[in-house]
Chemist: 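Dropping a structure here in structure tokens format, bear with me for questions.
Just so you know, these numbers come straight off a predicted model, no measurement behind them.
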Amino acid sequence: MLRENSRLYYVENSPVISDFEFDALMRELEDLEKEWPEFVVADSPTRKVGSDISKGFVQRPHRYPMLSLGNTYSISEIEDFAVRAEKALDGVAFTYCCELKFDGTAICLNYRGGRLYQALTRGDGVQGDDVTENVRRIANIPERLKGSFPDDFEIRGEILMPYDAFEALNAEREEQEEAPFANPRNAASGSLKLVDPAEVAHRGLWCTLYHVPADSVAFDSHWDALDAARSWGLPISDERRICRDIGEIKEYIDYWDVQRKFLPFATDGIVIKINELACQRALGYTAKSPRWAVAFKFKAEQACTPLREISYQVGRTGAVTPVANLDPVQLSGTVVRRATLNNADQMALLDIRVGDWVYVEKGGEIIPKITGVDKSRRLPDARRPVFPSVCPDCGTPLSREADEARWFCPNQDGCPMQIKGRMLHFVGRKAMNILGCGEAVVEQLFAKGFAKSAADLYDLDKYRLLCLDGWKEKSAQNFLDSLASSRSVPFERVLFALGIRYVGETTAKALARHFEDIDSLAGASVEQLMEVGDVGDVIAGSVYEYLHSPAHLQEISRLKEKGLQFRIAGSGQSLSDALAGRTVVISGNFSISREKMKDLIAAHGGKAASSVSPRTSFLLAGTKPGPEKLRKCEQLGIPVMSEEAFMKLLPGADGKEIVEELSLF
């Protein structure tokens with residue numbers, strides 16, 4: 001059980017039990033191994049660091065083992081830690097450095113000659129995934145250091161996702177009916193392991209660094225090492241403090257147990273470290289963790305309340321999501337009435353019943369989630385919920401693909417909840433931004449038969465709007481004016497507004513830029529779709545299927561007739577045909593932005609692709625191009641071109657005039 005939950009936590013980024021439950025199980029195993037040491041096995045979870053190694057990345061060895069911290073929820077065990085340290089150091093004076101325990105994913109950075117050389121995840125503690133290219137996209141990690149620094153050193157810390165970025169990411173995932181991340185830690189870890197570094201840059205990740213290995217630098221104390229790292233331009237937390245005894249440690253813990261709720265990122269405890277590096281070296285390590293540090297973990301705020309009903313929502317893509325309706329309960333400053341149960345598998349794992357008293361926590365103190373059931377309070381007649389076999393809205397039998405956790409209603413064009421969901425998505429702020437058209441209005445229009453699709457909205461007139469309850473002359477005119485304005489919404493947002501399954505804002509923009517108009521996109525094969533950045537086989541298959549549906553093509557045709565934009569603005573203009581018929585993959589950094597470089601390629605008749613394939617004409621390599629792309633070019637015999645050589649291909653002053661002209665449209 002511990003191995004499986006460790007895999008779910010570190011690799012899948014989708015834990016099914018709380019940190020407290022996991023830590024309790026680990027502690028129970030440790031106690032059993034102490035009592036019966038003859039049964040201890042070499043690969044016991046108590047002796048190994050949880051591994052986050054992924055198949056999609058190259059693994060490289062750590063110079064110094066990257067271990068995990070021992071942790072506790074008990075102040076008395078912090079006192080025991082202090083007593084053990086004093087005894088082992090035998091009268092040597094030392095202090096403690098107390099720091100926030102950041103709830104993210106561990107990272108190890110290596111700087112050589114003042115430049116970022118390599119970034120590795122914790123992995124299994126011995127080796128980690130090389131995520132250097134992704135880490136280069138995190139805004140507050142410097143590429144170059146300043147001042148006087150060691151020629152070659154390592155520093156470790158945490159990659160975080162601030163609450164604002166977390167909420168924005170989950171809002172986008174929920175809009176696409178993908179399961180939201182449970183907390184910022186899972187979101188940060190999942191984002192760091194994205195295959196496309198450009199997409200990592202959009203995730204709003206942040207870094208804080210907190211440990212320079214004692215053998216990597218020559219300082220007297222941990223505090224001095226961090227101060228030096230800050231002077232080199234590295235992101236070091238301001239919230240650390242030197243404590244001289246257990247009383248000061250307790251004060252620090254008590255302070256942050258309250259104040260952490262006002263931080264812009266998630267923390268889950270306090271780390272207490274012996275400050276003097278000579279003492280750290282003397283205390284050494286166990287097989288799994290340092291003896292000179294321990295983590296005190298805050299317990300997540302939890303409430304127990306009755307589950308009154310489970311309802312089933314059908315989203316715009318047909319995904320059926322179970323929702324727990326609870327007796328209202330106060331949790332982390334808000335009243336919680338509902339919590340998602342995600343899918344049928346999660347319900348079965350919880351062994352939940354209607355009428356049960358359930359434990360509710362806020363994942364990352366944001367999203368309510370049910371973490372367990374108080375089975376001691378279960379009533380004899382509590383009924384096990386039965387996940388519906390047919391759509392709760394239209395009655396169509398549900399289906400589930402082999403690799404999907406969710407059940408879907410396949411009646412896309414006849415299920416009222418899906419139709420209304422697609423219209424609501426279409427009018428949303430990030431899509432067509434049609435003002436005054438929220439859920440209640442969509443419900444009114446659908447119920448009256450005035451709108452059964454997005455195209456129907458453009459047939460509305462003031463007379464029909466004034467037939468609706470609560471509508472006045474001004475509100476009707478504002479709505480019609482907003483519809484008229486939406487005709488100028490750019491193609492990438494129109495594409496997003498169509499609501500193609502798995503196509504979010506970023507993917508819609510990438511598809512629109514690559515194919516430039518809806519006809520080229522509709523005519524693309526699955527393989528051609530997969531040449532676009534962030535488009536894998538699942539997204540490509542979904543786009544292909546959507547654009548080969550007669551009903552969807554008819555809807556697009558109607559929207560075209562209404563004047564919506566189905567071509568990138570200016571895509572009909574061409575500066576030259578110097579790149580006609582060529583597919584160019586770009587990698588690295590350039591004198592202009594990557595987006596501008598893609599526009600430049602398109603303006604001269606070329607296609608910008610994100611991955612190297614046999615159809616690639618050449619790789620345009622800026623500074624620090626991706627090594628994997630270079631290797632693939634070498635394998636396939638594809639030429640690699642510098643930015644300078646590329647600009648000489650283009651007519652007009654080595655391309656300089658071209659860039660200026662491009663900015664005009």
Side-chain angles (χ1 to χ4, degrees), residues 167-180 311-323 338 340 391-394 396 406 408-460 464-465 467-471 475-476 478-487 489-508 542 546 549 551-552 554-556 558-559 562 564-565:
E167 290 171 348
L169 175 60
N170 266 353
E172 183 176 337
R173 290 177 69 86
E174 287 173 343
E175 197 161 351
Q176 297 308 310
E177 297 189 6
E178 298 176 18
S311 57
Y312 298 89
Q313 295 179 339
V314 183
R316 64 180 174 82
T317 65
V320 179
T321 302
V323 177
R338 290 155 60 85
T340 179
C391 175
D393 193 37
C394 69
T396 302
R406 291 184 171 191
F408 287 83
C409 170
N411 185 20
Q412 289 185 17
D413 302 315
C415 178
M417 290 183 78
Q418 291 188 60
I419 294 169
K420 289 182 283 188
R422 285 197 297 273
M423 282 200 291
L424 195 61
H425 171 77
F426 182 86
V427 302
R429 182 176 58 83
K430 295 182 178 181
M432 304 306 291
N433 194 27
I434 297 172
L435 304 177
C437 193
E439 189 172 352
V441 171
V442 168
E443 188 69 50
Q444 280 184 313
L445 294 171
F446 185 85
K448 285 283 189 181
F450 292 168
K452 301 286 186 181
S453 73
D456 290 343
L457 296 172
Y458 294 88
D459 291 330
L460 293 170
R464 278 189 284 185
L465 292 174
C467 294
L468 302 173
D469 290 342
W471 283 72
S475 57
N478 288 342
F479 179 72
L480 293 173
D481 289 345
S482 187
L483 276 172
S485 298
S486 73
R487 289 182 170 90
V489 166
F491 174 39
E492 55 262 35
R493 280 174 54 194
V494 176
L495 184 59
F496 171 64
L498 293 178
I500 303 172
R501 191 174 174 191
Y502 305 124
V503 176
E505 288 178 88
T506 303
T507 304
S542 177
Y546 184 94
S549 160
H552 295 153
Q554 183 181 4
E555 176 77 356
I556 290 170
R558 288 184 64 201
L559 291 170
K562 305 301 179 185
L564 273 66
Q565 302 297 312

Chemist: Might you point out which heavy atoms bring Asp413 and Ile419 nearest each other, and give the distance in Å?
Modeler: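 For Asp413 and Ile419, the tightest heavy-atom pair comes out as O-CD1, 3.6 Å.
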Chemist: Give the minimum heavy-atom separation between Val494 and Val489, together with the two atoms involved.
Modeler: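 Minimum heavy-atom contact is CG2-O, 3.6 Å.
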Chemist: State whether the number of non-hydrogen atoms from other residues, nucleotides or ligands found under 6.0 Å of Lys452 atom NZ is greater than 12.
Modeler: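 It does: Lys452 NZ has more than 12 such atoms within range.
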Chemist: Counting distance only, does the side-chain N/O of Arg493 pair as donor-acceptor with the main-chain N or O of Ala431 below 3.5 Å?
Modeler: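 Yes, the answer is positive, given that a donor and an acceptor are paired below the 3.5 Å cut-off.
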Chemist: Can you confirm whether Lys562 sits close enough to Asp459 that some side-chain heavy atom of one is under 4.5 Å from a side-chain heavy atom of the other?
Modeler: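 Sidechains of Asp459 and Lys562: in contact.
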Chemist: Contact between Arg316 and Leu424 at the side-chain level, heavy atoms closer than 4.5 Å - yes or no?
Modeler: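 No - every pair of side-chain heavy atoms lies 4.5 Å or more apart.
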Chemist: Can you measure from CD (Gln554) to CG (Leu559) and round to the nearest 0.5 angstrom?
Modeler: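 Rounded to the nearest 0.5 Å, the CD-CG separation comes to 11.0 Å.
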Chemist: Taking Asp393 for its side chain and Met417 for its backbone only, find out whether a donor-acceptor pair lies under 3.5 Å.
Modeler: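 Looks like yes, one N/O pair under 3.5 Å.
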Chemist: Kindly indicate whether the side chain of His552, heavy atoms from C-beta on, has any atom under 4.5 Å from the side chain of Gln412.
Modeler: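 Side chain of His552 against side chain of Gln412, heavy atoms only: contact under 4.5 Å found.
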Chemist: Under 4.5 Å between any side-chain heavy atoms of Arg487 and Tyr458, yes or no?
Modeler: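 A side-chain contact exists here, since the closest heavy-atom pair is under 4.5 Å.
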Chemist: State the CZ-CD1 distance between Arg422 and Ile500, to the nearest 0.5 angstrom.
Modeler: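 Here the rounded value is 11.5 Å.
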Chemist: So, taking the atom named CG in Leu480 and the one named CG in Leu435, what distance separates them when rounded to the nearest 0.5 Å?
Modeler: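 Answer rounded to 0.5 Å: 12.0 Å.
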Chemist: Using every non-hydrogen atom in the two residues, find where Ser542 and Tyr502 come nearest and quote the distance to one decimal.
Modeler: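 For Ser542 versus Tyr502, the nearest heavy atoms are CB-CD1, 3.8 Å.
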Chemist: At their closest point, which heavy atom of Pro416 faces which heavy atom of Gly414, and how far apart are they?
Modeler: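 Closest heavy-atom pair between Pro416 and Gly414: CD-O, 3.3 Å.
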Chemist: Where is the tightest heavy-atom contact between Cys394 and Thr396, given as atom of each residue plus distance?
Modeler: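 So the two residues come closest at SG-OG1, 3.1 Å.
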Chemist: Would you mind reporting whether Ser486 and Asn433 have side-chain heavy atoms less than 4.5 Å apart?
Modeler: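 The answer is no; the side chains never approach within 4.5 Å.
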Chemist: Would you say the side-chain atoms of Glu555 pair up with the backbone N or O of Ala455, donor to acceptor, closer than 3.5 Å?
Modeler: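 Flag set: sc Glu555 to bb Ala455 pair under 3.5 Å.
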Chemist: Evaluate the side-chain proximity of Phe496 to His425: yes if any heavy-atom separation is below 4.5 Å, no if none is.
Modeler: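 Contact flag for His425/Phe496 side chains = yes.
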Chemist: Mind checking whether Lys420 and Leu445 have side chains closer than 4.5 Å, heavy atoms only?
Modeler: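 Heavy-atom side-chain distance check fails, nothing below 4.5 Å.
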Chemist: For Leu457 and Met432, run side chain to side chain contact (heavy atoms under 4.5 Å, CB included): C-alpha distance rounded to whole Å, both residues' side-chain angles, the deciding distance at 0.1 Å, then the answer.
Modeler: CA-CA 12 Å; Leu457 296 172; Met432 304 306 291; over 6 Å; no
Chemist: Only counting residues at least two apart or in another chain, list the ones meeting salt bridge (Lys or Arg N to Asp or Glu O under 4.0 Å) with Asp481.
Modeler: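 If we apply the salt bridge (Lys or Arg N to Asp or Glu O under 4.0 Å) test to Asp481, skipping adjacent residues, there are no hits.
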Chemist: State whether the side chain of Gln313 and the backbone N or O of Val323 hold a donor-acceptor pair below 3.5 Å, judged by distance alone.
Modeler: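 Looks like no, no N/O pair under 3.5 Å.
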Chemist: Below 4.5 Å, heavy atoms only, C-beta onward: do Val503 and Tyr546 meet side chain to side chain?
Modeler: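 Sidechains of Tyr546 and Val503: no contact.
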Chemist: Considering non-hydrogen atoms only, spot the tightest contact between Val427 and Cys437 and give its length.
Modeler: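 Taking Val427 first and Cys437 second, the nearest heavy atoms are CG2-O, 3.2 Å.
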Chemist: So Phe426 and Ile434, side chain to side chain contact (heavy atoms under 4.5 Å, CB included) or not? Walk me through it.
Modeler: CA-CA 9 Å; Phe426 182 86; Ile434 297 172; 4.2 Å; yes
Chemist: CD1 of Ile556 to CG of Leu498: how many Å apart, nearest 0.5 Å?
Modeler: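 Answer rounded to 0.5 Å: 5.0 Å.
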Chemist: For a side chain to side chain contact (heavy atoms under 4.5 Å, CB included) check, start with the C-alpha distance between Lys448 and Cys467, then their side-chain angles and the critical distance, and finish with the verdict.
Modeler: CA-CA 9 Å; Lys448 285 283 189 181; Cys467 294; 5.6 Å; no
